[in-house]
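Heads up, the thing below is written out as structure tokens.
From a predicted model like this one, the values you see are computed outputs, not experimental measurements.
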Amino acid sequence: MFSKLKHIKDLKKQGQQMQEELATVVNEGSAAWGKVKMTVNGNRDLVNVSIDDSMLTDKTKLEEALKDAWKDATGIKFQMKLAKKMQDMGGLDMLKNLTGE
């Protein structure tokens, strides 16, 4: 029983370490010729948003630009950065410990 509790505690610690490591991966996306920018981290947290004042006059264009910036920030470049970070952290081998075997 105590070994199961220790295993759960270890998994929780490992998960927290993973989140901390993934938070170091950041990517910026932009839209509307750089007038809208978003920065996300590896946990898909929105870290920063920058909107040029000229975008504030047209709500529809701003909404579209925000969606486009999000797609750009979380697109293939971001996925590649995350994959590289996961590989550096041990790849799928780190998941073998989840079963406790």
Side-chain angles (χ1 to χ4, degrees):
M1 174 159 166
F2 288 114
S3 67
K4 293 267 187 203
L5 291 174
K6 183 182 179 329
H7 180 67
I8 290 170
K9 185 177 179 182
D10 290 345
L11 287 176
K12 184 177 179 183
K13 184 178 179 181
Q14 186 178 11
Q16 288 171 336
Q17 289 173 336
M18 262 172 104
Q19 283 185 322
E20 289 170 8
E21 283 293 317
L22 289 175
T24 66
V25 178
V26 294
N27 197 52
E28 183 180 88
S30 65
W33 301 276
K35 293 179 181 178
V36 174
K37 297 178 184 175
M38 289 186 173
T39 305
V40 296
N41 69 19
N43 294 318
R44 297 181 72 88
D45 296 327
L46 185 59
V47 178
N48 190 41
V49 176
S50 173
I51 301 172
D52 186 272
D53 289 342
S54 65
M55 293 298 293
L56 300 177
T57 59
D58 188 335
K59 181 181 178 217
T60 303
K61 281 186 182 179
L62 176 57
E63 290 169 344
E64 287 301 314
L66 287 168
K67 288 191 279 186
D68 291 343
W70 177 259
K71 285 179 189 174
D72 188 36
T74 59
I76 190 72
K77 282 193 234 177
F78 181 62
Q79 299 301 321
M80 296 299 286
K81 283 183 181 181
L82 286 177
K84 173 76 170 104
K85 186 63 164 181
M86 292 294 286
Q87 185 178 24
D88 292 346
M89 291 172 22
L92 295 177
D93 288 340
M94 70 183 154
L95 299 178
K96 288 180 182 176
N97 294 330
L98 292 178
T99 62
E101 296 173 359

Which atom of A69 lies closest to which atom of A31, heavy atoms considered: N-CB, 3.7 Å
Of N48, L46, D45, the one forming a side-chain contact (heavy atoms from CB on, under 4.5 Å) with T39 is N48
Could you give the distance from OG1 (T24) to CG (N43), rounded to the nearest 0.5 Å? 9.0 Å
When you check the gap from the basic side-chain N to the acidic O, do E63 and K59 get nearer than 4.0 Å? yes
Taking K61 for its side chain and M55 for its backbone only, find out whether a donor-acceptor pair lies under 3.5 Å. no
In Å, rounded to the nearest 0.5 Å, how long is the span from CZ of R44 to CG of N27? 11.0 Å
CD of E28 to NZ of K77, rounded to nearest 0.5 Å, is 10.0 Å
Search all heavy atoms of A23 against all heavy atoms of N41 and return the closest pair with its distance. O-CB, 3.5 Å
Going only through I, L, V, M, F, W and Y residues with side-chain contacts under 4.5 Å, is there a path from V26 to M86? no
Spacing of CD belonging to Q16 relative to CD belonging to E20, to within rounding of 0.5 Å: 7.0 Å
Regarding K67 and E64, does a basic nitrogen lie under 4.0 Å from an acidic carboxylate oxygen? yes
What pair of heavy atoms forms the shortest contact from M38 to A73, and how long is it? O-CB, 3.9 Å
Could you see if L56 belongs to whatever hydrophobic cluster contains V49? Use Ile, Leu, Val, Met, Phe, Trp, Tyr and a side-chain cutoff under 4.5 Å. yes
Within this structure, what is the OG-NZ distance for the pair S30 and K35, rounded to the nearest 0.5 Å? 12.5 Å
Between CG on residue L62 and CG on residue D58, distance to nearest 0.5 Å: 8.5 Å
